[in-house]
Amino acid sequence: MQKSSKRQMNELIRLSLTLCLIAGITAALVALVNAVTAPEISRRNEDKTAQSLKAVMPQADGFEQYDYTGGSIMSDDGREIAVNGVWKAKQGDEYIGVCVKVSPKGYGGAIETIVGINNEGEIIDTQIVSMSETSGIGNKIQSDTFLSQFKGKSGSITGTGSAPEKNQIQTISGATKSSKAFLRGVNAALTVAAQINGGES
Amino acid sequence: MPKVSNEAKINIAQFFRNGIIENNPTFVQLLGMCPTLATSTSLLNALGMGAAATFVLICSNLAISLLRKLIPQKIRIAAYIVIIAGFVTMIDLLMQAFVPALSNSLGLFIPLIVVNCIILARAESFASKNRPLPSALDGLTMGIGFTIALSCVAAVREILGSGTLLGFELFGGTAPLSIFALPAGGFLVLGFFIALVQFLKSRKGGTK
């Protein structure tokens, strides 16, 4: 009895060690490939960010990374919105606004968004850098008709299913969850911009 | 399926015929339907997906065949999945770094190669029982079979669904039958191809 349980134990240890060994070797190889590709991937992502910054703030000719220490923003309905980066947009020597990168949580994970906001606190433009919302439904938030609604809005924007009033945007029917997530992200960006603009002017 | 015993001479032509026609993973074995339907909306996606899957097939078949005597029977599936996942992560990183456009358009379907049943099926039914060289060859021919099947479906769907081929406009910017770009059209095209392959196989006078 004791002997057989000991044998079982040995068997168990042997199986676990084999699997650990295989996993360890595989992990080491993946780490090697990662070490080779990581700089290239991060360079490409930086290019992508630079393009998005230019898109949401076309008048700017330079961007300065701003050290934002406020952490994440709490939305009105109690969701935490991560702030991934803040840039100050420059035209010549003058600061003309800020760009805020936020990633609200949508239906299929984070919707990485960049919002360009001028010194008056009005949205210049918004852009979605990456998302994985449902194809054909949630990813409609990338459409121009939806995104262009945000231009010129300021303060705190609310969403509605019917005809939008002042400082309201119309959510996409069938994609309410994705629309609202994006909206929360934009509002968080507006809050960050207000903090920065308020603190320095 | 060719039974390759350790002593038998490798018949390369037989491997190719097996992987591409007689046991085509997609049209005959009906494996890997999910990536077939999802990534066959354009020929370029299909070729990218096929190449990535072929790379993983060759590498995982080779690795599993080399390790086939060291992997205990009881944990073989777990070991195979770890090995396959490792290669998939590598190709995913390489694609993100060097062909980002393709990596973006294939998106989630590259990591999902891990659970592509063609790869696990070849590991279990071939690589775990055969020597490394035939196993790698099996991976290559099955990968080519998958790529050809995917490309056939994708070419028809891209021409009919989007009116383009490899991105070039064919009918002046109009899409003749846009249903073929949608999942329903994917099933239709796939069904016709399966029927065609069955017809050709049966006409050839019963390979089986």
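Proteins come first, then strands; the chains are lettered A, B, ... in the order of their sequence lines, and each starts at number 1. As a basis for the values below, the full set of heavy atoms in this structure was taken, side chains included, without hydrogen atoms, waters or symmetry mates.
- Note: A97(B) leads A63(B), P72(B), A97(B), P100(B) in heavy-atom pairs under 4.5 Å with chain A.
- Taking 4.5 Å as the limit, some side-chain heavy atom of F193(B) sits within range of a side-chain heavy atom of V153(B).
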Given the rule in the salt bridge (Lys or Arg N to Asp or Glu O under 4.0 Å) test, do K180(A) and D77(A) qualify, once you have shown the distances and angles that lead to the verdict? CA-CA 11 Å; K180(A) 289 212 164 139; D77(A) 51 355; over 6 Å; no
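- The CG atom of L31(B) sits 6.0 Å away from the CD1 atom of I118(B) when rounded to the nearest 0.5 Å.
- Residues I114(A) and V100(A) have side chains not in contact (no heavy-atom distance under 4.5 Å, counting atoms from C-beta outward).
- Put simply, of L93(B), L94(B), V82(B), the one with the most heavy-atom pairs under 4.5 Å next to chain A is L93(B).
- With a threshold of 4.5 angstrom between heavy atoms, F98(B) approaches chain A through its backbone and through its side chain.
- Residues satisfying the side chain to side chain contact (heavy atoms under 4.5 Å, CB included) criterion with A60(A), sequence neighbours excluded, are M57(A), F63(A), A89(A), I96(A).
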Here's a test: name every donor-acceptor pair under 3.5 Å between chain A and chain B, with the distance for each.
{"unit_1": "E11(A)", "atom_1": "OE2", "unit_2": "K74(B)", "atom_2": "NZ", "d": "3.0"}
{"unit_1": "R44(A)", "atom_1": "NE", "unit_2": "A97(B)", "atom_2": "O", "d": "2.8"}
{"unit_1": "R44(A)", "atom_1": "NH2", "unit_2": "A97(B)", "atom_2": "O", "d": "3.1"}

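- Side-chain atoms of L190(B) and F27(B), non-hydrogen and from C-beta on, do get closer than 4.5 Å to each other.
- Summarising the geometry of A82(A) relative to S72(A), their closest heavy-atom pair is CA-CB, 3.9 Å, with the distance given to 0.1 Å.
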